[in-house]
A.B. asks: 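Shown below is the structure under consideration.
Protein chains get the first letters and strands the later ones, always in sequence-line order, with residue 1 at the start of each.
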Amino acid sequence: MPELPEVETTLRGIEPAIAGQVIRRIKVHQGSLRWPVNANLAQLVEGQTITHLSRRAKYLLMQLEHGSMLVHLGMSGSLRIVQANTQLRKHDHIEMQMSNGSTVRFHDPRRFGCWLWSEGAHQQLAHLGPEPLSEDFNGHRLYQLSRKRKVAVKPFIMDNKIVVGVGNIYASEALFRSGIRPDRGAGNISLQRYIELAGHIKEVLAAAIVQGGTTLRDFVNGNGEPGYFQQTLAVYGRGGEHCVACKGLLKEIKLGQRSSVFCARCQR
DNA sequence: ACACTAACCTGCAAGC
DNA sequence: TGCTTGCAGGTTAGTG
């Protein structure tokens, strides 16, 4: 479920309930995630205040007094604020009770997510490219880093060293808006087109954040509500259907093991 | 350095 | 109805 807009939506949903609160109790029901949850997590963080919440790429960072917890939602993860007596669901792996009575539940059927504690910097954040909505990310960067690259442009913009936070949904949508075929070689695209593409990446991510993310299957924000960007998707998940612009049939191919839908007439 | 593949895991939908 | 197959929002580790 989670690309950058969904993570941002989750952050905004849970922040009011937990920022500034003391962690009273953490229960780990299933610690076998992407990386094992620290076996001593509870004794390490219980009693500490969550001073600040932030996002980097698709990671959520909960800053505590003596370290931080880094949470990733993987493919199927979600964080929700629930009342303490709410029935535990299957795949609710971690729950965190706060001093104000709020409880955060981490739910992740596929367990590709993570929940890591560190007193210092997190290794996962060490080699990430710029945030897509920052000024450090622009068409010039895409152009410069793509020279002589043979990889297709879609996996290129999904590469976290190039720019973070662009997943399969929004990469597909930004390429459609830019009129660029997802399988075009990254090194074979002009500066002018990359400037447009960077602009559309920012545009599509910002629009999705405003609408609370894209709800596929069961994505919900921190309050259990769905996102509405799905209604705006032009190509993602629409292989074989009609192009919203030219009415032609949308094609579906695989690039880097990810399904990629595009319009062969509108995208070149 | 780069290009590409397999892998992690569960649930669901489609096909037989 | 029931079984098998393939696919799903991400990222890393390993190959050549």
A.B. asks: Using atom P in both nucleotides, what's the gap between C:dG14 and B:dC9 to the nearest angstrom?
C.D. replies: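 These two P atoms come out 15 Å apart once rounded.
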A.B. asks: For A:H91 and B:dG11, is the shortest distance between a side-chain N/O and OP1 or OP2 below 4.0 Å?
C.D. replies: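 Answer yes for this pair, as a side-chain N or O of A:H91 is under 4.0 Å from OP1 or OP2.
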A.B. asks: Please report, rounded to the nearest Å, how far the P atom of C:dC7 is from the CZ atom of A:R258.
C.D. replies: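 Spelled out: CZ on A:R258 to P on C:dC7 is 13 Å.
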A.B. asks: With heavy atoms under 4.0 Å as the rule, sort A:N160 into base, sugar-phosphate or nothing.
C.D. replies: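 If one applies the 4.0 Å heavy-atom cut-off, A:N160 turns out to touch the sugar-phosphate alone, with no base involved.
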A.B. asks: Between A:K150 and B:dC2, is there a contact of a side-chain N or O with OP1 or OP2 at under 4.0 Å?
C.D. replies: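 No, no such contact exists.
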A.B. asks: Should A:K58 and A:E6 count as an ion pair when the cut-off is N to O under 4.0 Å?
C.D. replies: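 Salt bridge: no.
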A.B. asks: Considering the options A:V261, A:I169, A:L175, which one meets the side chain to side chain contact (heavy atoms under 4.5 Å, CB included) requirement together with A:V235?
C.D. replies: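 Of all the options given, the one that passes is A:V261.
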A.B. asks: Which nucleotide sits closest to the side chain of A:V151: B:dA3, C:dA8, C:dG9?
C.D. replies: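 Side chain of A:V151 sits closest to B:dA3.
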A.B. asks: Under a 3.5 Å cutoff, is there a donor and acceptor pairing between the side chains of A:K154 and A:N168?
C.D. replies: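 Yes, side-chain donor-acceptor contact under 3.5 Å.
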A.B. asks: Taking the basic N atoms (NZ, or NE/NH1/NH2) and the acidic carboxylate oxygens, is any pair closer than 4.0 Å for A:R24 and A:E46?
C.D. replies: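 Looking at A:R24 and A:E46, the cut-off is not met.
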A.B. asks: If you compare every side-chain N and O of A:S76 against the phosphate oxygens of B:dC9 (OP1, OP2), does one of them come in below 4.0 Å?
C.D. replies: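 False: A:S76 side-chain N/O out of range (4.0 Å or more) of B:dC9 OP1/OP2.
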A.B. asks: What nucleotide, of C:dG9, B:dC9, C:dG10, holds the atom closest to the side chain of A:R34?
C.D. replies: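 Taking heavy atoms from C-beta onward, the closest nucleotide is C:dG10.
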A.B. asks: Just to confirm, is there a sub-4.0 Å distance from OP1 or OP2 of B:dT10 to any side-chain nitrogen or oxygen of A:R111?
C.D. replies: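 So the side chain of A:R111 is within the cut-off, an N or O lying under 4.0 Å from OP1 or OP2 of B:dT10.
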A.B. asks: Between atom CD in A:Q257 and atom P in C:dG10, what is the gap in whole Å?
C.D. replies: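 Interatomic distance, CD of A:Q257 to P of C:dG10: 13 Å.
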A.B. asks: State whether a side-chain donor-acceptor pair under 3.5 Å links A:S102 with A:N100.
C.D. replies: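 Per modelled atom types, A:S102 and A:N100 side chains form a pair under 3.5 Å.
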A.B. asks: Is the closest side-chain donor-acceptor distance between A:T103 and A:E95 under 3.5 Å?
C.D. replies: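 Their side chains do not contain a donor-acceptor pair, so the 3.5 Å distance test is not met.
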A.B. asks: Using the side-chain heavy atoms of A:M158, tell me which of these nucleotides is nearest: C:dA8, C:dG10, C:dG9.
C.D. replies: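 Given the options C:dA8, C:dG10, C:dG9, the side chain of A:M158 is closest to C:dG10.
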A.B. asks: Between the base of B:dC8 and the ring of A:F112 - centre-to-centre under 5.5 Å, planes within under 30° - is that a stack?
C.D. replies: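 Stack criterion met.
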A.B. asks: Can you tell me how far C1' of B:dA6 sits from NZ of A:K254, to the nearest Å?
C.D. replies: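 Interatomic distance, NZ of A:K254 to C1' of B:dA6: 14 Å.
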A.B. asks: If you assign A:L145 and A:S32 each to the DNA chain B nucleotide with the nearest heavy atom, which residue ends up on the more 5' nucleotide?
C.D. replies: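 In this pair, the answer is A:L145.
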A.B. asks: C:dG9 P sits how many Å from A:H107 NE2, rounded?
C.D. replies: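 Atom NE2 in A:H107 sits about 18 Å away from atom P in C:dG9.
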A.B. asks: Over how many whole Å does the gap from A:Q230 atom CD to C:dA8 atom C1' extend?
C.D. replies: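 About 13 Å, once rounded to whole Å.
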A.B. asks: Could you tell me how far apart A:K161 (NZ) and B:dA1 (P) are, to the nearest whole angstrom?
C.D. replies: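 That distance rounds to 10 Å.
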A.B. asks: Passes side chain to side chain donor-acceptor pair (under 3.5 Å), A:H107 versus A:S78? Steps please.
C.D. replies: CA-CA 5 Å; A:H107 179 85; A:S78 60; 5.5 Å; no
A.B. asks: Given B:dT10, C:dT11, C:dG9, identify the nucleotide with an atom nearest to the side chain of A:K58.
C.D. replies: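 Comparing B:dT10, C:dT11, C:dG9 against the side chain of A:K58, the answer is C:dT11.
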A.B. asks: Would you kindly give the NZ-to-P distance between A:K148 and B:dA1, to the nearest whole Å?
C.D. replies: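 A:K148 atom NZ is separated from B:dA1 atom P by 16 Å.
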A.B. asks: Side chain of A:P109, heavy atoms from C-beta onward: which of B:dG11, C:dT11, C:dG9 has the nearest atom to it?
C.D. replies: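 Shortest atom-to-atom distance from the side chain points to B:dG11.
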A.B. asks: Run the side-chain hydrogen bond (donor to acceptor under 3.5 Å, both in side chains) test against A:S146 and tell me which residues pass, sequence neighbours left out.
C.D. replies: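 A:S146: no side-chain hydrogen bond (donor to acceptor under 3.5 Å, both in side chains) contacts found.
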A.B. asks: Strictly below 4.0 Å, N to O, side chains only: are A:R177 and A:E173 in salt-bridge contact?
C.D. replies: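 No, A:R177 and A:E173 are not salt-bridged.
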A.B. asks: Provide the distance between the two C1' atoms, one in B:dA3 and one in C:dG9, to the nearest whole Å.
C.D. replies: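 About 24 Å, rounded to a whole number of Å.
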A.B. asks: Using a 4.0 Å heavy-atom cut-off, does A:R149 contact any base of the nucleic acid, only the sugar-phosphate backbone, or nothing at all?
C.D. replies: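 Sugar-phosphate, backbone atoms only, no base.
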A.B. asks: For A:L125 and C:dT12, what is the distance between atoms CG and C1' respectively, to the nearest whole Å?
C.D. replies: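 Whole-Å distance recorded here is 15 Å.
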A.B. asks: Which stems does DNA chain B form, counting runs of 3 or more consecutive Watson-Crick or G-U wobble pairs with both distances under 3.5 Å?
C.D. replies: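 In DNA chain B, stems of three or more pairs: B:2-8 with C:10-16, B:10-16 with C:2-8.
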A.B. asks: Does a side-chain N or O of A:Y236 approach OP1 or OP2 of C:dG9 to a distance below 4.0 Å, or not?
C.D. replies: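 Affirmative; the distance criterion is met.
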